Protein chains: 2
Amino acid sequence: MGTPTAAQPTMTELLELLAAVGAAQGQDFAAAAARHGLTSMQAKVLAQLDGPLSMHALAERLACDASNVTGIVDRLQAHGFVLREPSPTDRRVKNVVRTERGRETILHVHQEMRATHAALDSLDETEQAALYALLERLRPIMEYPADDR
Amino acid sequence: MGTPTAAQPTMTELLELLAAVGAAQGQDFAAAAARHGLTSMQAKVLAQLDGPLSMHALAERLACDASNVTGIVDRLQAHGFVLREPSPTDRRVKNVVRTERGRETILHVHQEMRATHAALDSLDETEQAALYALLERLRPIMEYPADDR
DNA sequence: TATTGTTATACTCTATAACTATA
DNA sequence: TATAGTTATAGAGTATAACAATA
C-alpha cells in the first residue's frame, strides 16, 4: 500500500474531535474580540455586515430571535461600530451598516485569531485544499439542523 | 495529474468555512440539548463528566471562571442530572458526578445530533479518516489560544 | 499564604409575549 | 392581516471581587 493507513476513527471520535476544534476556534475568536472590547455576539454581527442588513435579516444570519438583535445593535451603535439607516423602499425597515471603525475592528479581530491561523498555517497547500474540500461537503448538510425550533 | 485539483482556498476562505461548520455543529448540539430541557452549557458539563471532576477542574475544562460553575451545577443538580460529593482526600473539594439520569440524557443528546451525524455519514471511510487526521493536526495548536485572559 | 468553593454584583445574551407603525 | 422593529420580562451565562473553610 502506498499511503500509510491511519486507524479508522469511530463516529464518536470524529464527533468529539470536530467539537473540540470548533470550540477552540470559538474561544480564539472570542478572545480576539474581547481585546477590542467586543463580546463574541457583537463581533459576529460585525462579521455579517459586509453589506447593509435589516434587523430581521441579521437575526436570521445569527440564528436568534429578532428581539435580541435590538439590544446587540444598540450596544454596537452606542460605541460607534454600526449605524441604523432607514430603508428607502420600506418605512418599517432599518438597515444596519458598519462604520469605518466597525469595518477596521472586525478586520483586526480576524487577523488576531493567532491560534487558528497558526493551526491552518501548519498544513501545507495540499492539506489545506483537502480540508477545505471535506468541510465544503459537510457544510450544506449541517447548515439546517432546525427540524424543530 | 491523477487527482482532480481543487482551487487552492485562501486563508480567509478556510477560516470562514471552519467557523461555519463549527457554528452549525454548535447549533445542532444546542438544539438536541434543548429537547431534553438543557442549555448548551449544561449539556457541555454533562459531556465532561465521564468521571468525577472538582468544581475547579470543571471550570478549566469549560474555559470559564469557577464562580460560574456553581450556578450551572446548581441547576443541573436541582433537576437530578448530577450530584456533589465531598472529596475524601481534601475537605475543600467537591467532586461533581453524573447521576444515571445525567448519563443517559447526555448519551441521547449526542445520538440526536442528526445534522452532524448525517454530514459525517455522507463521507466514506477514507474521507472520514482523512478528515480525522487533519483535525487531529489542528487540535493541539488551537487548544491554547489563551496568551491573554 | 495559597487554594476551593461560594456569594454578591453587574452586564450580556436568550426566548416569549405584547405593542406600534407600516405594508 | 401580516411584517418590521421595539419593549418588557424572566432566566441563564459571564467576569470581578470578596468571603469562609481548609490546606
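Only a predicted model underlies this, so the values are computations on that prediction, with no experimental measurement involved. Naming convention: chains lettered A, B, ... in sequence-line order (proteins, then strands); numbering from 1 in each chain.
Distances shorter than 4.0 Å separate some side-chain N or O of B/Lys94 from OP1 or OP2 on C/dT6. Contact annotation: B/His56 side-chain N/O to C/dG5 OP1/OP2 distance is under 4.0 Å.
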Completion exercise
Protein heavy-atom contacts under 4.0 Å, written 5' to 3' over nucleotides 8-14 of chain D as B (base), S (sugar-phosphate only) or - (none), form the string ----SSB
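With rounding to whole Å, B/Arg35 atom CZ is found 15 Å from C/dA15 atom P. Atom CE of B/Met55 is separated from atom P of C/dG5 by 7 Å (rounded to the nearest Å). Here the P atom of nucleotide D/dT6 and the CG atom of A/Leu58 are 11 Å apart, to the nearest Å. Nucleotide C/dC13 holds its P atom 11 Å from the CG atom of A/Asp74, rounded to whole Å. In this structure, CD of A/Gln77 is placed 13 Å from C1' of D/dG5, rounded to the nearest angstrom.
Applying the 4.5 Å side-chain rule to ILVMFWY residues, one finds that A/Val93 remains a lone member of its cluster.
Annotation: the span from A/Ile72 atom CD1 to A/Met41 atom CE amounts to 4.5 Å, rounded to 0.5 Å. Distance check, rounded to the nearest 0.5 Å: OG1 of A/Thr105 to CZ of A/Arg35 gives 13.5 Å.
Counting heavy atoms of neighbouring residues, nucleotides and ligands inside a 6.0 Å radius, atom CD of A/Glu125 does not exceed 12 of them. Atom CD of A/Gln8 is surrounded by more than 12 heavy atoms from other residues, nucleotides or ligands within 6.0 Å. Other residues, nucleotides and ligands contribute more than 12 heavy atoms inside 6.0 Å of the CD atom of B/Glu104.
Checked for salt-bridge contact, A/Asp50 and A/Arg103 miss the test: no charged N lies under 4.0 Å from a carboxylate O.
By the criterion of side-chain heavy atoms lying less than 4.5 angstrom apart, applied directly or through intervening Ile, Leu, Val, Met, Phe, Trp or Tyr residues, A/Val109 is grouped together with B/Met11 in one hydrophobic cluster.
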Could you list, one pair per line, each protein nitrogen or oxygen that sits under 3.5 Å from a nitrogen or oxygen of nucleotides 20-23 of chain C, together with the distance?
from	atom 1	to	atom 2	distance (Å)
C/dA23	OP1	A/Arg91	N	3.1

